[in-house]
Trainee: 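Shown below is the structure under consideration.
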Amino acid sequence: MESDARFEVLDARQVALIETARKANGYISRAKSDNTRRAYAADWRAFTDWCAEHRVTPLPVEPRALALYLTDMADKYKVSTIERRLGAINFEHKKAGHPAPSTHPGVRELLQGIRRELGAARTGQTPLLTDEIRAMVEAVPETPAGDRDRALILLGFAGALRRSELAALQRKDIRFTAQGMVVTVSRSKTDQDGHGAEVGIERGAHPATDPVRAVVAWIEAAKLEDGPLFRSVDKHGHIRATGLSGYGITTIIQRAAERAGLVVEGSAISAHSLRAGHATAAAEAGAEERSIMRQGRWKTERTVRGYIRHGSLFTENSSGKLGI
C-alpha cells in the first residue's frame with residue numbers, strides 16, 4: 001500500500017547552506033570572550049526573571065518597562081552592575097535582530113540620572129608597586145611552583161598583562177632577544193578579533209626581580225618546549241601539562257601578597273593589581289603617558305590618566321609647602 005507520508009529531500013545546496021548557518025552561529029557565539037558570555041548569560045537570566053515576575057515581555061522589551069527595571073536596580077546595585085546588565089540586554093536584542101533598547105532617548109536620560117545620583121566611580125583594585133612586587137618575589141619559596149610564581153608575577157608586572165593574557169600565553173609566545181624578551185599577546189580583552197600584539201620586556205636592573213631571568217628559570221625548570229607557559233604544579237612539585245586558569249592566577253597573586261604581609265583591611269589585591277601597579281609605578285617614575293598606554297595596550301587615555309593621577313599625588317604636592 002502506498003504511503004501518504006511525504007519527505008522533503010534536501011539538495012546539496014540546501015545542505016551546504018545549513019552547514020554555513022551552523023558556522024555562522026559558531027562565529028556569533030565567539031564574538032564575546034568566555035567571561036563576557038557567562039556574565040551576559042547570568043545578567044540576561046536576572047532580567048528575564050524580573051520580567052516574568054512583573055509580567056513584562058523581555059524580547060523585545062518596551063522602553064518604559066526597561067526604565068522601570070533600571071530604576072528598580074538603582075536601589076540595589078552599583079552603576080557598574082546596572083551598565084553591565086544593560087549591555088547584556090542590548091546584546092540579546094541585537095542577536096535577535098531588534099534595536100538596542102538603551103538607544104531610546106528616555107532610557108538614555110534615565111541612565112544619565114542614575115549615574116549622576118549614584119556616582120559612576122568604580123571600585124578599583126589595589127595596585128602593587130615596585131617595592132611590593134619585590135617583597136612578594138622574595139617571599140616566594142624555592143620550589144618548582146615558586147619558580148613559576150616568580151616568573152608570573154614579574155612578567156605580569158613588567159608587561160602590564162591582564163589575567164586572561166597571562167593564562168593564554170604559550171611557550172611559543174616568548175622570544176628572547178639581546179635587549180630582553182618579546183611577548184606575543186595573541187588575544188586580549190580589547191583585541192577579540194585576535195590581531196595580536198608584541199610586548200617588549202627589558203632586562204631588570206636587579207637579578208632577583210629581573211623578569212627575563214625569572215621566565216628563563218621557569219622554562220628551564222619546567223623543561224618547556226611547547227604548550228602553556230604557566231602550568232599547574234601539584235603539591236609534590238610535579239608540573240602538569242594543563243595551563244593555569246584565570247582564577248588560579250589570581251590565587252597565586254593573592255597568596256604571594258599574603259606571604260609578603262601586604263594583605264590588610266581595605267585592600268583589594270587581585271591579578272589586575274599587577275597591571276594597575278605597572279601603570280601607577282611607571283607614572284611615579286616619570287614615564288610618559290603614551291609609553292604607559294603602549295605597554296599596557298590601553299585604547300583610551302581615561303583609564304591610564306587615573307593611574308597617573310594616583311602615581312603623582314605626592315609629586316610637587318602643595319600640602320608639603322604649607323609649613324605645618
Trainee: Is it true that a side-chain atom of H104 and a backbone atom of G106 form a donor plus acceptor pair closer than 3.5 Å?
Mentor: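 Side chain of H104 to backbone of G106: a pair is present.
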Trainee: Measuring from I249:CD1 to H272:NE2, what's the distance to the nearest 0.5 Å?
Mentor: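 Rounded to the nearest 0.5 Å, the CD1-NE2 separation comes to 14.5 Å.
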Trainee: Measuring from atom CG of D210 to atom CD of E202, what distance do you get when rounded to the nearest 0.5 angstrom?
Mentor: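 That separation rounds to 10.5 Å.
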Trainee: Indicate yes or no for a side-chain donor-acceptor contact from Q170 to the backbone of L229 under 3.5 Å, with no hydrogens or angles considered.
Mentor: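 Side chain of Q170 to backbone of L229: no pair is present.
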Trainee: Mind checking whether M136 and I253 have side chains closer than 4.5 Å, heavy atoms only?
Mentor: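 Yes, their side chains come closer than 4.5 Å.
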Trainee: Measuring from L66:CG to L111:CG, what's the distance to the nearest 0.5 Å?
Mentor: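 CG of L111 is found 9.5 Å from CG of L66.
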Trainee: Check whether any side-chain N or O of R275 sits under 3.5 Å from a backbone N or O of A160 as a donor-acceptor pair, and report yes or no.
Mentor: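 Yes; judged by distance alone, with no hydrogens or angles, the pair exists.
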Trainee: About how many Å separate OG1 of T143 and CG of D149, when rounded to the nearest 0.5 Å?
Mentor: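 One finds 7.0 Å between CG of D149 and OG1 of T143.
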Trainee: List the steps and the verdict of side chain to side chain contact (heavy atoms under 4.5 Å, CB included) for I114 and L70.
Mentor: CA-CA 9 Å; I114 290 173; L70 297 178; 4.2 Å; yes
Trainee: State whether the side chain of H278 and the backbone N or O of G156 hold a donor-acceptor pair below 3.5 Å, judged by distance alone.
Mentor: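 Looks like no, no N/O pair under 3.5 Å.
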Trainee: May I ask you to check whether over 12 heavy atoms, not counting those of R64, lie within 6.0 Å of atom CZ?
Mentor: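 It does not: R64 CZ has 12 such atoms or fewer within range.
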Trainee: Treating T57 as the side-chain partner and L59 as the backbone partner, does any N or O pair qualify as donor plus acceptor under 3.5 Å?
Mentor: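 Not a single qualifying donor-acceptor pair exists.
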Trainee: Of the non-hydrogen atoms in P211 and I201, which two are nearest, and what is the gap between them?
Mentor: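 The pair with the smallest heavy-atom distance is CG-CG2, 3.6 Å.
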Trainee: Output the distance between atom NE2 (H238) and atom CZ (R240), rounded to the nearest 0.5 Å.
Mentor: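 One finds 10.0 Å between NE2 of H238 and CZ of R240.
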Trainee: State, with a plain yes or no, whether a side-chain heavy atom of V215 is found less than 4.5 Å away from one of M181.
Mentor: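 V215 vs M181: side chains touch.
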Trainee: L169 versus T184: any side-chain heavy-atom pair under 4.5 Å?
Mentor: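 They are not in contact (no side-chain heavy atoms under 4.5 Å apart), so the answer is no.
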Trainee: Where is the tightest heavy-atom contact between A151 and A214, given as atom of each residue plus distance?
Mentor: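 A151 and A214 have their closest heavy atoms at CB-O, 3.6 Å.
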Trainee: Taking the side chain as every heavy atom from C-beta outward, state whether R231 and L224 have any pair of such atoms under 4.5 Å apart.
Mentor: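 Yes. Closest side-chain heavy atoms under 4.5 Å.
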Trainee: Check whether S273 reaches the backbone of P127 with its side chain - one donor and one acceptor, N or O, closer than 3.5 Å.
Mentor: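 No.
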Trainee: List the atom of A65, the atom of W50, and the distance in Å for their closest heavy-atom pair.
Mentor: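 Scanning both residues, the minimum pair turns out to be O-CH2, 3.7 Å.
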Trainee: Short question: side chain of E138, backbone of A135 - any donor-acceptor pair under 3.5 Å?
Mentor: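 Such a contact is absent between E138 side chain and A135 backbone.
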Trainee: Does a side-chain heavy-atom distance below 4.5 Å link F47 with P58?
Mentor: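 The answer is yes, as the side chains (C-beta and beyond) meet within the 4.5 Å cut-off.
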Trainee: So does R290 pair up with E288, basic N to acidic O under 4.0 Å?
Mentor: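 Yes, charged N to carboxylate O under 4.0 Å.
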Trainee: Backbone N or O of F230 within a donor-acceptor pair of the W218 side chain at under 3.5 Å?
Mentor: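 Absent.
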Trainee: Do R85 side-chain atoms and A88 backbone N/O form a donor-acceptor pair below 3.5 Å?
Mentor: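 Judged by distance alone, no pair lies under 3.5 Å.
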Trainee: For a side chain to side chain contact (heavy atoms under 4.5 Å, CB included) check, start with the C-alpha distance between I133 and T209, then their side-chain angles and the critical distance, and finish with the verdict.
Mentor: CA-CA 8 Å; I133 293 294; T209 52; 5.5 Å; no
Trainee: Evaluate L161 against L274 for side chain to side chain contact (heavy atoms under 4.5 Å, CB included), listing each step before the verdict.
Mentor: CA-CA 8 Å; L161 297 174; L274 300 178; over 6 Å; no
Trainee: Take atom OH in Y247; do more than 12 heavy atoms of anything else shown fall under 6.0 Å from it?
Mentor: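 Not buried by this count: 12 neighbours or fewer within 6.0 Å.
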Trainee: Backbone N or O of A52 within a donor-acceptor pair of the R55 side chain at under 3.5 Å?
Mentor: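 Looks like no, no N/O pair under 3.5 Å.
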Trainee: Within the structure provided, determine whether E132 and L129 are in side-chain contact (heavy-atom separation under 4.5 Å).
Mentor: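 Heavy-atom side-chain distance check passes, below 4.5 Å.
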Trainee: For a quick test of reading the model, state the closest non-hydrogen atom pair linking S245 to A167 and the distance between them.
Mentor: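 Minimum heavy-atom contact is C-CB, 4.4 Å.
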Trainee: Are E289 and R294 close enough for a salt bridge, meaning some N to O gap below 4.0 Å?
Mentor: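 Result for this pair is no, no salt bridge flagged.
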Trainee: So if you build clusters from Ile, Leu, Val, Met, Phe, Trp, Tyr with side-chain heavy-atom gaps below 4.5 Å, do L154 and F176 land together?
Mentor: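 L154 and F176: one cluster.
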Trainee: How many angstroms lie between atom CZ of F91 and atom OH of Y40, to the nearest 0.5 angstrom?
Mentor: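 One gets 7.5 Å once the value is rounded to the nearest 0.5 Å.
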Trainee: Decide yes or no for D234 and I239: does some side-chain heavy atom of the first lie under 4.5 Å from some side-chain heavy atom of the second?
Mentor: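 No, side chains not in contact.
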Trainee: With a 4.5 Å heavy-atom cut-off, do N90 and T103 have their side chains touching?
Mentor: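 They are not in contact (no side-chain heavy atoms under 4.5 Å apart), so the answer is no.
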Trainee: Determine the minimum heavy-atom distance between V61 and H93, stating which atoms define it.
Mentor: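 In terms of heavy atoms, the two residues are closest at N-NE2, 3.1 Å.
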Trainee: Under a plain distance cut-off of 3.5 Å, with no hydrogens placed, do T250 and R163 share a side-chain donor-acceptor pair?
Mentor: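 Per modelled atom types, R163 and T250 side chains form a pair under 3.5 Å.
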Trainee: Quick one: closest heavy-atom pair of A74 and I82, and the distance?
Mentor: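 For A74 and I82, the tightest heavy-atom pair comes out as CA-CD1, 3.8 Å.
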Trainee: With a 4.0 Å cut-off on N to O distance, would you call D49 and R45 a salt bridge?
Mentor: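 R45 and D49: not salt-bridged.
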Trainee: Any salt bridge linking E258 with R255? Criterion: basic side-chain nitrogen under 4.0 Å from a carboxylate oxygen.
Mentor: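 Looking at R255 together with E258, the answer is no, because their closest N to O distance does not fall below 4.0 Å.
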Trainee: In terms of side-chain geometry, is the basic nitrogen of E165 or R297 positioned less than 4.0 Å from the acidic oxygen of its partner?
Mentor: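 Looking at E165 and R297, the cut-off is met.
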Trainee: Taking it one step at a time, do R115 and E83 satisfy side chain to side chain contact (heavy atoms under 4.5 Å, CB included)?
Mentor: CA-CA 10 Å; R115 287 194 187 106; E83 290 176 338; 2.6 Å; yes
Trainee: Under 4.0 Å between a Lys/Arg side-chain N and an Asp/Glu carboxylate O for D226 and K172?
Mentor: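 Result for this pair is no, no salt bridge flagged.
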